[in-house]
Amino acid sequence: MNDRPDATELLEIARRTLLDDVLPRLPDDLRYSALMIANAMAIAAREHAAGDTDASAELARLLEFYGEPRPTLAGSALRAALSGYNQRLAADIRAGRCDGWIGLRGHLAQTTTDKLAIANPKALDN
């Protein structure tokens, strides 16, 4: 297996090719679609580069809040567990059961920052 280029680098090479070589030759009615594709490629590259780090940290914060042991999870198992805990947290917030959690605002701010760093890092520049 080749070490280079990795998936993140391949996505960036493909994105640069799309933006630099293909986009200028596209008719105006296809430019928006090409820019959306390029944006999706950039998001995918950032997501791949980040790996499970942000999701693991988010799950760790939730498990600490709920006083539950921290399992070692990765990939789809990590995403499934995180989804379940986020659904639980949303229900608990709606029911008023999180009103005393001092770390709630910090958890939500950190989670939002981590997600923006992947989806729209320019939004963090403000």
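We're numbering straight along the sequence, starting at 1.
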Spacing of Glu9 atom CD and Arg4 atom CZ [to the nearest 0.5 Å]:
4.0 Å

Roughly how far, to the nearest 0.5 Å, is CG of Leu104 from CD1 of Ile93?
5.0 Å

If you group Ile, Leu, Val, Met, Phe, Trp and Tyr whenever their side-chain heavy atoms sit less than 4.5 Å apart, what else falls in with Ile102?
none

By side chain to side chain contact (heavy atoms under 4.5 Å, CB included), which residues pair with Ser83, not counting sequence neighbours?
Gln87

With Ile37, which of Leu19, Leu18, Val22 fulfils side-chain contact (heavy atoms from CB on, under 4.5 Å)?
Leu18

Verify, without hydrogens or angle tests, whether Ser56 (side chain) and Thr53 (backbone) share a donor-acceptor contact under 3.5 angstrom.
no

May I have all residue pairs that pass ring pair (Phe, Tyr, Trp, His ring centres under 6.0 Å) and include part of residues 38-60, sequence neighbours excluded?
none

Identify, with sequence neighbours excluded, every residue that meets side chain to side chain contact (heavy atoms under 4.5 Å, CB included) alongside Thr112.
Leu116

Flag, side chain of Arg15 to backbone of Met41, donor-acceptor distance under 3.5 Å
no

Write out all pairs satisfying side chain to side chain donor-acceptor pair (under 3.5 Å) with one or both partners inside residues 71-82, taking only residues at least two apart or from two chains.
none

Pairs where residues 24-47 contributes a residue and the test side chain to side chain donor-acceptor pair (under 3.5 Å) is met, not counting sequence neighbours:
none

For residues 104-126, the ring pair (Phe, Tyr, Trp, His ring centres under 6.0 Å) pairs (sequence neighbours left out) are Trp101-His107

Rounded to the nearest 0.5 Å, what separation is found between the CG atom of Leu23 and the CG atom of Leu30?
10.0 Å

Holding to side chain to side chain contact (heavy atoms under 4.5 Å, CB included), I want the full list of residues that pass it with Pro69, two or more places apart in sequence or in another chain.
none

Ring pair (Phe, Tyr, Trp, His ring centres under 6.0 Å): pairs with one or both residues in residues 8-29, sequence neighbours excluded
none

Per the salt bridge (Lys or Arg N to Asp or Glu O under 4.0 Å) rule, what does the pair list look like for residues 98-121, sequence neighbours excluded?
Glu58-Lys115

For Glu64, which residues count as a side-chain hydrogen bond (donor to acceptor under 3.5 Å, both in side chains) partner, sequence neighbours excluded?
none

Mind checking side chain to side chain contact (heavy atoms under 4.5 Å, CB included) for Tyr66 and listing every partner two or more places apart, or none if nothing turns up?
Glu68, Tyr85, Arg88, Leu89, Asp92

